[in-house]
Asks: 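A single structure is presented below for examination.
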Amino acid sequence: MSKLSRKRKQFILISLIIPLLLLIAFVVFPAFDLFKMSFTNWDGYSTSSKFIGFDNYLSMFKNEDLWLSLKNNTVYFFVHLLMIPVELAFAVLLISKLKAAKFYKTMVFMPYIINGVAIAYVFSYFFSPINGAFDAILEALNLGGLIQNWLSDSKIVNYVLSFVSIWKYSGYHVILFMAALQSIPKDLEEAAKVDGATSLHIFKYIQVPAIMLMVDFVLFDNIRGALQVFDIPFVMTSGGPGYASSTFTLYTIKTAFTFSNFGLASTMAVAIMVLIILIYIVQNKIIHGFVLKDRG
């Protein structure tokens, strides 16, 4: 074996060992500890805990407020799901020969790089019933009759929070779609144009099939993000009124740090982790088993 070849193998080995050790230290061990803690009644500060078997899991399934929180998560999922075609359309528009395209790309992506807590605070004032900018805009447009208690009406609060989530994260998805679209060989699209294909035909038969793997990723990111949403409802409503805008993660955090029940909170964390894994497996089977089965 040559010296260069040996050095290459050593470099590859070191490059793999370090991330693997970090993964074990910061993911595998904490996950194992979390799973072990889910079978105890630890309060977060005692030096010892009592093993209680599956009591936490039974308590979790019987908790109506937790199920309501999980139901609120589905609002974020469906609102973001409806936005995927819009995000894809924006991506197609931004990769075309559009004037000031770079400026629009920056404006689209800017919300994603802003701190989520800062965004939540800004929109808290924007939707405030006291001198809120949104109500002022409606008044200026003679639409004062549409003014609602945006952050305290249980019927609409989750949709308002979902709008804030869209404003923050949609730009990220647009950039991902743009990257996928720009990876499509230009010769393929030009050949289609020569054969008489319209922009709609190119979008439907070339662009969309070519970026299905990115659509798959964005869809999973949507599911994962919807199940783990925390900062926006925590800052803007604290999960209120009541538990009307609480989410699964927000309820889990409150269970641990407000009610000092780290055992039950660990159970919830394990449940959401398992749920995300199961959803990924099912989605992967559907996308690769049906949508992409004809692609080599």
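Atom set for the values below is all heavy atoms of this structure, side chains included, hydrogens, waters and symmetry mates excluded.
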Asks: Are Phe123 and Phe163 packed together at the side-chain level, in the sense that at least one heavy-atom pair is separated by less than 4.5 angstrom?
Replies: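 Yes, side chains in contact.
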Asks: Could you state whether Leu94 and Val218 fall into the same hydrophobic cluster, counting links through intermediate Ile, Leu, Val, Met, Phe, Trp or Tyr residues with side-chain heavy atoms under 4.5 angstrom apart?
Replies: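 Yes, because Leu94 and Val218 connect within a single hydrophobic cluster, where side-chain heavy atoms sit under 4.5 Å apart.
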Asks: More than 12 heavy atoms of other residues, nucleotides or ligands under 6.0 Å from CZ of Phe26: is that the case?
Replies: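 12 or below, so no.
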Asks: Look only at the side chain of Asn149 and the backbone of Ser152, and say whether a donor-acceptor pair between them is shorter than 3.5 Å.
Replies: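 Checked: no pair found.
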Asks: Mark yes or no for whether Asn72, through its side chain, and Ser246, through its backbone, hold a donor-acceptor pair below 3.5 Å.
Replies: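 Here the side-chain-to-backbone pair exists.
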Asks: Do other residues, nucleotides or ligands put more than 12 heavy atoms under 6.0 Å from the CD atom of Glu64?
Replies: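 Counting other residues, nucleotides and ligands, CD of Glu64 stays at 12 neighbours or fewer.
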Asks: Under 3.5 Å, side chain of Ser124 to main-chain N/O of Ala120, donor-acceptor pair present?
Replies: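 Checked: pair present.
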Asks: State the CD1-CE distance between Ile253 and Met268, to the nearest 0.5 angstrom.
Replies: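 Interatomic distance, Ile253 CD1 to Met268 CE, rounded to 0.5 Å: 11.0 Å.
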Asks: Identify the two heavy atoms, one from Tyr125 and one from Tyr121, that lie closest to each other, and give their separation to 0.1 Å.
Replies: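 Looking at all heavy atoms of both residues, the closest pair is CD1-O, 3.1 Å.
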Asks: Is there a donor-acceptor pair under 3.5 Å between the side chain of Asn158 and the backbone N or O of Val75?
Replies: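 Side chain of Asn158 to backbone of Val75: no pair is present.
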Asks: What I'd like to find out is whether the side chain of His173 reaches to under 4.5 Å of the side chain of Met83, using heavy atoms alone.
Replies: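 SC-SC contact between His173 and Met83 ruled out.
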Asks: Between Phe103 and Leu93, is there shared hydrophobic-cluster membership here, with clusters defined by ILVMFWY side-chain heavy atoms closer than 4.5 Å?
Replies: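 Yes, Phe103 and Leu93 fall within the same hydrophobic cluster.
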Asks: Go through the steps to decide whether Ser69 and Tyr243 satisfy the test side chain to side chain donor-acceptor pair (under 3.5 Å), and finish with yes or no.
Replies: CA-CA 7 Å; Ser69 299; Tyr243 290 99; over 6 Å; no
Asks: If only atom types and distance count, is the side chain of Ser49 paired as donor or acceptor with the main-chain N or O of Asn41 below 3.5 Å?
Replies: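 No: the side chain of Ser49 does not pair with the backbone of Asn41.
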Asks: Within 45° of the ring axis of Tyr112 and under 6.0 Å from its six-membered ring centre, is that where the NZ or CZ of Lys168 lies?
Replies: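 Pair Lys168/Tyr112 counts as cation-pi.
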Asks: Should we count NZ of Lys186 as having more than 12 external heavy atoms under 6.0 Å?
Replies: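 Enclosed.
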Asks: Quick check for you: to the nearest 0.5 Å, what is the distance between Ile156 atom CD1 and Gln148 atom CD?
Replies: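 Spacing of CD1 (Ile156) from CD (Gln148) equals 5.0 Å.
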Asks: Determine, step by step, whether Ser162 and His80 satisfy the side chain to side chain donor-acceptor pair (under 3.5 Å) criterion, reporting the C-alpha distance in whole Å, the side-chain angles of both residues, the deciding distance to 0.1 Å, and the verdict.
Replies: CA-CA 8 Å; Ser162 297; His80 276 277; over 6 Å; no
Asks: Within a reach of under 6.0 Å around CZ of Phe230, are more than 12 heavy atoms found that belong to other residues, nucleotides or ligands?
Replies: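 Counting neighbours around CZ of Phe230, more than 12 heavy atoms of other residues, nucleotides or ligands fall under 6.0 Å, so yes.
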Asks: Is it the case that atom CZ in Phe90 sees more than 12 heavy atoms from other parts of the structure closer than 6.0 Å?
Replies: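 Not buried by this count: 12 neighbours or fewer within 6.0 Å.
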Asks: Considering only heavy atoms from C-beta outward, does the side chain of Val215 approach that of Phe177 to under 4.5 Å?
Replies: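 Result yes, sub-4.5 Å side-chain heavy-atom pair found.
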Asks: Shortest non-hydrogen contact from Asp65 to Asn63?
Replies: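 The pair with the smallest heavy-atom distance is N-OD1, 3.1 Å.
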Asks: Under a 4.5 Å cut-off applied to non-hydrogen side-chain atoms, are Val229 and Pro233 in contact?
Replies: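 Yes. Closest side-chain heavy atoms under 4.5 Å.
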Asks: If only side-chain N and O atoms count, and only distance matters, is there a donor-acceptor pair under 3.5 Å linking Ser46 with Asp43?
Replies: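 The answer is yes; a qualifying pair exists.
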Asks: Backbone N or O of Phe248 within a donor-acceptor pair of the Asn73 side chain at under 3.5 Å?
Replies: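 At least one qualifying donor-acceptor pair exists.
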Asks: Which residue is it: Leu176, Asp216, Leu88? I am looking for the one with a side chain to side chain contact (heavy atoms under 4.5 Å, CB included) to Ile211.
Replies: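 The option that passes is Leu88.
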Asks: If you count every heavy atom of other residues, nucleotides or ligands that lies below 6.0 Å from Phe259 atom CZ, does the total exceed 12?
Replies: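 Atom CZ in Phe259 is crowded, with more than 12 foreign heavy atoms closer than 6.0 Å.
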Asks: Would you check if the side chain of Thr258 reaches a backbone N or O of Thr255 as a donor-acceptor pair within less than 3.5 Å?
Replies: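 No; judged by distance alone, with no hydrogens or angles, the pair does not exist.
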Asks: Less than 4.5 Å apart, side chain to side chain, heavy atoms only: is that true for Thr247 and Tyr251?
Replies: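 Result no, sub-4.5 Å side-chain heavy-atom pair not found.
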Asks: If I compare all heavy atoms of Val92 with all of Ile95, which pair ends up nearest, and what's the gap?
Replies: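 That closest heavy-atom pairing would be O-CG1, 3.2 Å.
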Asks: Which atom names give the shortest non-hydrogen contact between Ser238 and Leu250, and what distance separates them?
Replies: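 Taking every non-hydrogen atom into account, C-CD2, 4.0 Å.
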Asks: Do you know the tightest heavy-atom contact between Thr252 and Ala269?
Replies: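 So the two residues come closest at CG2-N, 4.4 Å.
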Asks: Could you tell me whether the side chain of Ile276 reaches within less than 4.5 Å of the side chain of Phe220, counting heavy atoms only?
Replies: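 Yes, close enough: below the 4.5 Å cut-off.
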Asks: Cluster question for you: counting only ILVMFWY and a side-chain heavy-atom cut-off of under 4.5 Å, with indirect links fine, are Leu22 and Phe32 together?
Replies: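 No: no chain of side-chain contacts under 4.5 Å links Leu22 to Phe32.
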Asks: Can you classify the ring geometry of Trp67 versus Phe61 as parallel (below 30°), tilted (30 to 60°) or perpendicular (above 60°)?
Replies: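 Trp67 vs Phe61 ring planes: tilted.
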Asks: Do Asp135 and Trp150 pass the side chain to side chain donor-acceptor pair (under 3.5 Å) test, and can you show the C-alpha distance, the side-chain angles, and the key distance before you say yes or no?
Replies: CA-CA 10 Å; Asp135 288 350; Trp150 305 109; 2.8 Å; yes
Asks: Is the ring pair Phe39/Phe54 parallel, tilted or perpendicular, if the boundaries are 30 and 60 degrees?
Replies: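 The rings of Phe39 and Phe54 stand perpendicular, inter-plane angle above 60°.
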Asks: Would you say CG of Asn131 has more than 12 non-hydrogen atoms from neighbouring residues, nucleotides or ligands within 6.0 angstrom?
Replies: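 Not more than 12 within 6.0 Å, no.
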Asks: Is there a donor-acceptor pair under 3.5 Å between the side chain of Asp153 and the backbone N or O of Lys155?
Replies: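 Confirmed, Asp153 side chain pairs with Lys155 backbone.
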Asks: Does any non-hydrogen side-chain atom of Thr40 lie less than 4.5 Å from one of Phe262?
Replies: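 No; the side chains remain at least 4.5 Å from each other.
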Asks: Looking only at non-hydrogen atoms, find the nearest pair between Val174 and Glu87 and report the distance.
Replies: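 Heavy atoms of Val174 and Glu87 come nearest at CG2-O, 3.7 Å.
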Asks: State the OH-CD1 distance between Tyr159 and Ile166, to the nearest 0.5 angstrom.
Replies: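 Rounded to the nearest 0.5 Å, the OH-CD1 separation comes to 12.0 Å.
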Asks: Tell me, do Lys204 and Val208 make a side-chain contact under 4.5 Å, heavy atoms counted?
Replies: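 Answer no - side chains too far apart.
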Asks: Short question: side chain of Ser128, backbone of Ile130 - any donor-acceptor pair under 3.5 Å?
Replies: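 A pair under 3.5 Å: yes.
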Asks: For Trp167, does its backbone N or O pair with a side-chain atom of Ser170 as donor and acceptor, under 3.5 Å?
Replies: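 No, Ser170 side chain to Trp167 backbone: no donor-acceptor pair under 3.5 Å.
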